Amino acid sequence: MMFPSYVNLLVFSCLLTLIAGGNIEQTALRGVQTSLLSMYVPSKPFTCLDRSMTIPYEFVNDDYCDCRDGSDEPGTSACPNGRFFCENKGYVGTLIPSHFVGDGICDCCDGSDEYETNVVCNNTCFELAQRNQAEREAKRALHEAGVAKKKEIIAHSIAIKSERQKRLKELENEIQVAEKLKRQAEAPEKEAKDKYQKLWEEQRAKHEAIVRNREIREMFADLDTNGDSLVSIDELQKHTELDLDSENEFTNEEVRTILGADSVNLNDFNTTVFDQISNSYKKLPEPPRPTPEPTPLPEPSQGSFATPSPPLETSDDEQNKPSHRHEEDHENSQHSSSIPTSLEHEKHIHDDTPPEYDDETKRLIQIADHARNEFNAIEGKILNIKQQIEDLKKQSGVDTGPQGEYSAFIDQCYDYEEREYTYRVCMFKDAKQIPKGGGSEVTIGYWDSWSGPTENKYLRMKYANGATCWNGPPRSLTVTFRCGIEHKAVDVREPSRCEYAMIFETPSACDETVAGTTSHSTHVEF
Amino acid sequence: MSRILSLVTLIVFFGILNLPFSENVDRNNFKTCEQSAFCRRQRKYKPEVSPYEVDLNSMITVQVGHTQFVLLNTHKSHVKFRLDVYTLEHNSLRVKINEVNPIRKRYEVEHSLVTEPKLVNVNLTRLDENLIEGTFGKSAKFILNAKPFRLDLFTNGIFVMSMNSKNMFNFEHYRTKPGTNEGTDNEENEEGMWEETFKSHKDPKPYGPSSIGVDINFLNFENVYGIPEHADAFSLRSTHDTDPYRLFNVDVFEYDIQNPMALYGSVPYMLAHNEHATVGFFWLNAAEGWIDVNNDKLTVQGFFSTVANFFSTKPGVDKNEVPEVTTHWMFESGIFDGFFFMGPTPRDIFKQYTSITGSVPLPPLWSIAYHQCRWNYNDEDDVRSVLNGFEKYFIPLDVIWLDIEHTNGKRYLTWDTGKFPNPEKMQDDVAHYGRKMVTISDPHIKKDDGYHVYAVAKSKGYFVKTKEGADYEGSCWPGASMWLDYFNPDVFKWYSELYSLTNYKGSTKNLFIWNDMNEPSVFNGPEITFPKDIVHHGGWEDRDVHNLYGMLQHMSTFQGLYNRSNGHIRPFVLTRSFFAGSQRTAAVWTGDNKAEWSYLKIATPMLLSLSVTGFGFIGADVGGFFSNPDAKLLVRWYQTAAYQPFYREHAHIDTARREPWLFGNENTRLIRKAIEQRYQYLPYWYTLFYRQEKQGIPPMLPLWANFPKDKKTFKIEDSFMVGNGLLIYPITDADINQVAVYFPGENTIWYDVRTYIKFEGATTSLVPVDMQSIPVYQLGGVIIPQRFRRRRASMLAIHDPITLVVALDRNREARGELYLDDGHTYDYRQKRQLIYRRFTFRNNVLYSKTLDSTSKFETDAWIERIIILGYPKNPTKITINSGDKQAVPLHRYHDESQTLTIRRPGPSVASDWTLTIA
């Protein structure tokens, strides 16, 4: 509603006489806060505390709201925004909203808010003070005990932190040494590889020529069934597998197209026919000949040059990397497979016979393998160290509070047992709801963030993006910490569907300032 | 609360997966007219000439005001009907048509009427071979035409209603099944007459066709209202291109808006209003019903030319053409039992209808204050923390509610003792602040021999039966369930006794009841409710009585609460399902709405439809039951519902918490302010509710109820009135900074209640809108009592002083009433402990006079402030006289807004006084 100011208040001339109703038993100072008593002077007009208006002193506590800020009615319920001061002797004075005055409910422990009603309020200030004192003391003691534990956690955290720093330093040194070794190993390894590569190319070419020649001769001999040293149309026509147009008939014309003539000798066969048919060609079933079936070669071990040589082992560490590093591994393997290896070439020529190495080659292989072993070993070591550094950094990257007071939670899980479910929170990781009567567990959130209010961020933590509810949001959990002697989940609720709230007691949440409260001032000494 | 089911539950209940998971209602769960065989038959029944004729020679006067005739179907001469015409007090006419000697007794509705209506004399003014004319009441007249049968009704000489003028009266008599030897007549045998299948549900219809159709036509009217419950326009739309409006109590999951589908309750009562008259037609029938509405023009000729002089015609309009709303009513069984209310004013109509079906009794004060509900407040700690929130944020609250999860496995009237180990203590703690609690109690009874309610009911045969005589079993929240047969008086009484403090363990006198799911909702039933062929007490099929079931439950609940206090404390019961007459014992809410702007908007027409059909204590879930409102929608909903009768925030279990303080400081402030508005106006609301009990005038009203001659108001449903003094314009769009408000009434003045700025009547004004409030205006000429002081709960304020806001009209006059009592007992009736006063401002004098000199209520309440709006100048002196005392209160005057505020005039609200301004 509108509240026009008392513009013409000063025009009021006559003194008011009041009819029945409106209890006007004036106790001008009723409900005034001790610190403001000086503002209420019976001989002087009263100025609203917001200075919006000045009114006759008789208007103070006359059960009618004049001041916009409600300051003229500290002792009645007239102003919607007023405040009533409960003196509460024996306890502490408190301010209550004006609308608690005279509503039939004892709000002040001294009952002073119900002066106008016939409600009998017992004075509970003494008991309240005692209870309050006891509660405060209990709280203080709890925080004191908790803070002691918290200090241990912090100390431990600091020790771990410095241990971690130390180790990090060591590892960084190690990695420097290793990098140097790696650089040293790199040159011989490359040299050996290059030499070997060149030699191997020559050997391979030689070997391939031999193999091809053998195959041509064998095939020619097979085809030349009449032994006239010519392969004729008739002879080739038997090999219907060469009929590539998949029509049933392998016509003379088609065969001639392959041979390029009515018949060919070995030389022509070599130059014009062999390449055309070598992939499709199959021996006729009869007569059986003792040519060994080509057997597939074992997959090459990456990084090894040749089968006779012991494969260059990658380190166990590298093979057992945690899965999240798969991507990186993949990159590495792509990289290594781009280096051509002999085995791959061998595969192409379908031959399992290793080339016959001469001594020089064998020596080179040995040198190369050795160099590669050296190099890989050192590289593996570097990766290992890097991993350790990364893990260390990750650990120190977990925000365990400004002093590391929540560091004891790292890698810890805690359960809360409720009627139907066990709730398990694995700190900084995830939270689950596990049905007691069997059935599958549900993730109610993954570690998200510290989510307390800005002034006390570490009061709460949030686990978000859990399994989605049917017709609802993804589940989430908010853990609210409070001071306790042990780390313990003490309550879990679901105030809104799929939004869980856990209360967790921990020394980490105990407060030095509460622990340090001296209760001397409230001890009454006689 | 209500239905939404977890996926698992759904699978259990339905065994299938293609269920209503979609955005809104699965319409396939509910019949169309075409799928309901009797509707299909009746809807196409349109003969050129009606075969029904009244045998005027058969006329007998049974008693004064009751005349009886024989009615014949000339196509089926062997079937005789009895036509009873009753002239009733309050300008009303009742017409009953039933079979004479039917082969099966036809159901006549019980429990709905408040009492047997009183007959008054009829003057037969004309009687010739083909018609009878009679006058009755306050210049009302009927003309009964014999061949063909039709009934015409006139009020103040104006032709207003007619029955069977479109020849659609069609009464399907009970008959033997064709093919059986007993069949004597050659009846038509259409598909669906003797059995009908809907989805997988077969309705065997053992008694065959039994439906009745009739056309009721409103001459010279363009707007008809009522027949709730539908999520549709207030002024009913033509059903020419849609299904008819359906009346069949069903639990519609996520109901759609703007359509004629059936919802949770049924009131077969329609009103018509124009600038000359307000009339009504009520067909007392509890079977499935369908009503077609069409806006027509009637060309006046033939028979009508004889009564053409009754038409009110406007200059420039073709004299031979008048508007007419034709309606076609179809019910599956029962009898024709029609009440014609002749008005002619809205106020008369409210009185006439509620004198038949009863008015809303004065609710306890706390129940018209603010309610906080949620499915669910989980446990006692949760309840306490919510209460603490209201304390902490200084938000008034009167009632906190517990939905189904508070029970031991949906066994109503029990507690989940793990979550509620000490319910009495919890209720006492709530009551410490003058507050109350409400728990839910649904009609499905869990099939479990260990559950006392089930065990007793089972052993005594108290459940509804299948036609084979076994206890009917269906599924609802607890799984396998049975339903009590409240039609059995023993069950009705026994059920009511379950609510006694000794029987309902853990209940206290501060606990009240909510009946939900009482259509009833049967998850695996046809159309999610009872099969039509199940049998109630007396052998009646559900087909005959369906729409009464929910009402009987809440009536029994009410009786239980009434008896609990030996008739001293006023009960409070909320129901979702209802029928005509439910208003006597329960408040009603509009069920499971949605957190969308469109549902906030539709709440007003839905509530108006209920209001004009006798339901004054009504509301929609604040915020919307399903899904999450954003802060703006929630604030707007709080602001709107603060001015609607039943004010409860409620939310589905899958929604985020939405207590008023969870949306940031500014929104908390706005919500607090909205709720405080409600509390500020509670003395006015309470007075309106008292007036409703006495006169049947609902507190929430369409504009035309107060401005019946203002044609611009007839279709208005975006604004409404509270009493005759407040005009409310809800803001139902997210981004809006001005609205066009229509101020009804020639020569009226309206005052913005926030700024006291004046607006002229019969104009539309663009008014700016901010988030602080929705537009609310006080009518010049009305005095509204208010309480400007705050309290945490309404019951703590009953002795607080009153502020009178006197809004002057053009003649500088105003009137208003104030009703006060103890807020919760029947002492106002039994001991006449009440204060009922009229304030009148005339010739610069404000009078307070009692309207009930025999009453007395002790209170300290006094008049602390009088604000006079539209007072032209700063007065020189104000004196107030009460008995032999005189005082000169101070005042202040605000020129710009012409507002005079009188400081502390001081008289007791109970005394007579006169305030003179010089």
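None of the values given here were measured: they were computed from a predicted structure. Numbers restart at 1 for each chain; the letters A, B, ... are given by sequence-line order, proteins then strands.
Around atom NZ of A:K488, no more than 12 heavy atoms belonging to other residues, nucleotides or ligands sit under 6.0 Å away. Summarising the local packing, NZ of B:K673 is surrounded by more than 12 heavy atoms from other residues, nucleotides or ligands at distances under 6.0 Å. Taking a 6.0 Å sphere around OH of A:Y446, one finds it holds 12 or fewer heavy atoms contributed by other residues, nucleotides or ligands. Residue-environment remark: CG (A:N465) stays at or below the threshold of 12 foreign heavy atoms within 6.0 Å. When the shell of 6.0 Å around CD of B:E896 is examined, it contains 12 or fewer heavy atoms from other residues, nucleotides or ligands. Counting heavy-atom neighbours within 6.0 Å of B:N388 CG, excluding the residue itself, gives a total above 12.
Residue contact with chain B, scored on non-hydrogen atoms closer than 4.5 Å, involves the side chain of A:D107 exclusively. When heavy atoms are compared at a cutoff of 4.5 Å, B:R374 approaches chain A solely by way of its side chain, counted from C-beta outward. Proximity to chain A is limited to the backbone of B:T655, based on heavy atoms less than 4.5 angstrom apart. At a 4.5 Å heavy-atom cutoff, the contact between B:Y433 and chain A is made by backbone and side-chain atoms alike.
One finds a salt bridge joining A:R419 and B:D416 here, because a Lys/Arg side-chain nitrogen approaches an Asp/Glu carboxylate oxygen to under 4.0 Å. The pair B:R903-A:D62 meets the salt-bridge criterion, with a side-chain N (NZ, NE, NH1 or NH2) lying under 4.0 Å from an Asp/Glu carboxylate O.
Summarising the geometry of B:D381 relative to A:R493, their closest heavy-atom pair is OD2-NH2, 2.9 Å, with the distance given to 0.1 Å. Closest of all the heavy-atom pairs between A:S496 and B:A656 is OG-C, 3.3 Å. Contact between B:I902 and A:Y64 at its shortest, heavy atoms only, is O-OH, 4.3 Å.
Taking CH2 from B:W375 and CZ from A:R497, the interatomic distance works out to 7.0 Å, rounded to the nearest 0.5 Å. Taking CG of A:N118 as the start and CG of B:D860 as the end, the distance is 8.5 Å to the nearest 0.5 Å.
Looking only at distances, no side-chain donor or acceptor of B:R792 sits under 3.5 Å from a matching main-chain atom of A:F100. A donor-acceptor pair is defined here as one N or O able to donate and one able to accept, closer than 3.5 Å; such a pair exists between the side chain of B:R790 and the backbone of A:P80. Checking side-chain atoms of B:D382 against main-chain N and O of A:P495 turns up no donor-acceptor pair under 3.5 Å.
Counting only N and O atoms by type, the side chains of A:S77 and B:R789 include a donor and acceptor under 3.5 Å apart.
No side-chain heavy atom of B:H799 sits under 4.5 Å from any side-chain heavy atom of A:T117. Counting heavy atoms from C-beta outward, B:R904 and A:D63 have side chains that approach closer than 4.5 Å. Considering only heavy atoms from C-beta on, B:H432 comes within 4.5 Å of A:I105 through its side chain.
Listed options B:N376, B:D800, B:D379 were ranked by heavy-atom pairs under 4.5 angstrom with chain A; first place goes to B:D379.
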